[in-house]
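Read the structure below first, then the notes.
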Amino acid sequence: MYVIGTAGHVDHGKSTLVEALTGIDPDRLREEKEREMTIDLGFAWLQLGDGEEVGVVDVPGHRDFIENMLAGVGGIDLALFVVAADEGVMPQTREHLAILDLLDVGGGIIALTKTDLIDDPDWLELVTLDLYDTLAGTILEDAPIMPVSAKTGEGLGELRDLLWENLSAAEPRPDLGRPRLPVDRVFSLSGFGTVVTGTLLDGRFRIGDPVELQPSELKGRIRGLQTHKTKLDVALPGSRVAINISGIDRDEMRRGYVVAAPGVISHTILLDASYRHLSDASGPLKHNMEVKLFVGAAEVVARTRVLGAKQINPGETGWLQLALSEPITAARRDRFILRRPSPGETLGGGLVLDPHPGRRHRRFRADVVERLETLAQGTPAELLLQTLRRLEPVAKNKLFKQSGMDEGTAVAALAELETENQIITLNKQVLTQAGWQDLLDKLTSTLQLYHRENQLRLGMPREELRSRLKLSPSVFNPLIQAATEANLTVEEGTLLRQPSHQITFSDKQETAVASLLRRMSIAGVASPSVKECKTAVGDDVYFALLDLGKLKQLNNDVVYATPDYKRIVGQIIQFLQKNDEIDAAQTRDLLKTSRKYAIALLEHLDDIKVTKRVGDKRVLR
Ligand SMILES: Nc1nc2c(ncn2[C@@H]2O[C@H](COP(=O)(O)OP(=O)(O)OP(=O)(O)O)[C@@H](O)[C@H]2O)c(=O)[nH]1
Ligand SMILES: [Mg+2]
């Protein structure tokens, strides 16, 4: 699941390009149509690669609406950076580039658009050279530049290929089992209730899940989930999601609020952060300055506390504590942007190091700065989690050894991950939440494939599934238990199946089955052999009848229809209860049949531990 975000100067053709790529006009407001410009975020989607659905967030380029742009680019995987070939680099080209750079977006493609307006190849080359200069030293330094025209369609195919190539190479969004969705849009649909949209982070949402709205702490429940207008049961991290929430009124929801699993995230009015001040900022970042903070889809007025330095000069990095005018939610390692409120100017941005520092720090204390330096490099828990991702599932001892930490630190780090629900511990083995979710996904897809290839089998043999997933019983057994509890799998004896799977016979097969079962019930004890049965209905159907419990096979030769089997076994047990023991000849006489069936039945009863053999006789166990 991926999301692309546009960026670039006003009127450079972002929305037109999005429509040309997706068939969806992202400008949905009447005012946007009238003014022929994007004001608020627009949303579209397209299929790339092998049909992978990719969300698109279209942002406004006009500087008056840059704050809407900031609400949109927080969750993107890749920037579609649009530059009009006739105008080239313009002020918001630079400003949007600086923002993408501060947000450290995963990558980008430069669409040099409106090439249909350019006749002079020298001009195109000039614009391209200027672009290279502008991109140098930024996160998009090595981004490919693709000349396109949304009007003629030139280059759009190659642009799609490039987008997919870069997206599919990107790290998928982590699943930390801690779902949160920064809300970027709120609306209501008649008959449907309140809907919020956003890019889902750090976990999955399922229909019926309880949720908590932050910072208000209101509680609700997920009534419906959609991505790109398709209904879902489960939404995955990194996807654009629309959630229909019951229990919270529309008036209570706002852009910038966060919908999360209860207890996953809490609000704050104080943040510790690392910060980079833009080199072309008009002045230094000073202590106690009023700024606007943008994080997730939220925007809030804040005051700076510059730590360990008097101020942060253009082009410099430093440490900040931000004191917010109202509560917001942010997680450690979230990226943020600071702007000057008026006149509006993007100042810089950075990384949230601690969303709950608890108190105001003294400004010039070595221990405060040291702590921030450690946090910037990663806490022991984070480092341990990284090692775990590489090795999982892995035994605790081995993990500790491989982490390179001293035992005490590693044990404490693991305990922290445990209380935060970031890992799953099964006896001695440990997995990350993400690894666990991956296994559940793999389990589901393996079963799905098995059902497709073996439509007449009720389910996949447990052992076959375990060896296909290459898991030890110590991981496999709890996995199946969890999958069964989550209603992802159903156990049928030694078989596992998806809840929706069932065996369906064709009309011809149904007729053959009915005729075989009739024949067997007439035959009684002297039933047709396994081979005859297989010939009558075909091997596949025969095995299906076993799976369905309609037939009971005793050995390579003897098989019964289940009602007959129950009746015959009942007869033998009754005899044993009366007479204490039975031998083959007595069985044969009791059932009025041949030795072959008598022995098959007795051996079978030994096998299933109803009887045991004593000399030539059987007694009840
Ligand atoms: N000739 C030509 N015109 C284009 C092309 N792409 C966009 N335009 C025109 O450029 C103008 C601006 O296009 P938009 O797509 O609205 O630009 P935008 O970047 O979304 O603008 P904002 O969202 O307001 O920042 C419109 O009049 C488009 O018709 C193109 O490839 N060729
Ligand atoms: Mg637009």
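Counting from 1, the numbers follow the sequence of the chain as shown. Computed from a predicted model, the values in this text were never measured in an experiment. Indexing begins at 1, ligand by ligand and atom by atom, following the structure's order.
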| request: Do me a favour and list the nearest non-hydrogen protein atom to atom 15 (O) of ligand 1 with residue, atom name and distance? | output: T16 OG1, 2.4 Å

| task | Look at atom 8 (N) of ligand 1 and say which protein heavy atom is nearest, naming residue and atom and giving the distance to 0.1 Å. | result | K114 CE, 3.7 Å

| Do any N/O atoms on P60 end up under 3.5 angstrom from N/O atoms on ligand 1? | no

| query | Considering only protein heavy atoms, which is closest to atom 21 (O) of ligand 1, and at what distance to one decimal place? | reply | D11 N, 3.0 Å

| request: Using a strict cut-off of 4.0 Å, indicate which atoms of ligand 1 neighbour a heavy atom of T113. | output: 31 (O)

| K14 (side chain) donor-acceptor with D58 (main chain) under 3.5 angstrom | no

| message | Ring-plane angle category for Y275 and F336, please: parallel below 30°, perpendicular beyond 60°, tilted otherwise. | response | parallel

| message | Is atom 18 (P) of ligand 1 touching the protein, meaning some protein heavy atom lies under 4.0 Å away? | response | yes

| query | Quick check: does M37 get an N/O under 3.5 Å from an N/O on ligand 1? | reply | no

| said: Please tell me whether E217 and H267 have a donor and an acceptor in their side chains that are separated by less than 3.5 angstrom. | reply: yes

| Can an N, O or S atom be found in T16 less than 2.8 Å away from the Mg ion (ligand 2)? | no

| message | Distance alone, cut at 3.5 Å: any donor-acceptor contact between the side chains of E345 and S282? | response | yes

| request: Answer whether the closest heavy-atom distance between the side chains of H361 and P357 falls below 4.5 Å. | output: yes

| request: Distance to 0.1 Å, residue and atom name: give those for the protein heavy atom nearest to atom 1 (N) of ligand 1. | output: D116 OD2, 2.8 Å

| Under 4.0 angstrom from ligand 1, any heavy atom of V82? | no

| said: At a threshold of 2.8 Å, where the distance has to be below it, does the Mg ion (ligand 2) have an N, O or S atom of S15 nearby? | reply: yes

| Does Q47 offer a backbone N or O that forms a donor-acceptor pair with the side chain of R160 under 3.5 Å? | yes

| field | Donor-acceptor pair between S149 and T115 side chains, under 3.5 angstrom | value | no

| request: Pull out every atom of ligand 1 sitting under 4.0 Å from any heavy atom of S149, numbered as shown with elements. | output: 31 (O)

| query | Do E95 and T346 have a side chain donor and acceptor closer than 3.5 Å? | reply | yes

| request: Note the single closest protein heavy atom to atom 27 (O) of ligand 1, along with its residue, its atom name and the distance in Å. | output: E36 OE1, 4.8 Å

| query | Nearest to atom 24 (O) of ligand 1 by heavy atom, T38, T6, D58: which? | reply | T38

| field | Residues D116 and T152: side-chain donor-acceptor under 3.5 angstrom | value | no

| query | For V148, is at least one N or O under 3.5 Å away from an N or O on ligand 1? | reply | no

| request: Just let me know how V10 lines up against ligand 1, side chain, backbone, both or neither, with a heavy-atom cut-off below 4.0 Å. | output: both

| Can you find a side-chain donor-acceptor pair between Q321 and D272 that sits under 3.5 Å? | yes

| said: Test your reading of the model: is there a side-chain donor-acceptor pair from T227 to the backbone of V241, 3.5 Å cut-off? | reply: no

| message | For atom 31 (O) of ligand 1, what's the nearest protein heavy-atom neighbour? Residue, atom name and distance, please. | response | A150 N, 2.8 Å

| Is the shortest distance from a heavy atom of G8 to ligand 1 less than 4.0 Å? | no

| query | CG/L375 to CD/E382 distance, rounded to the nearest 0.5 angstrom? | reply | 8.0 Å

| Is any N or O atom of S15, backbone or side chain, closer than 3.5 Å to an N or O atom of ligand 1? | yes

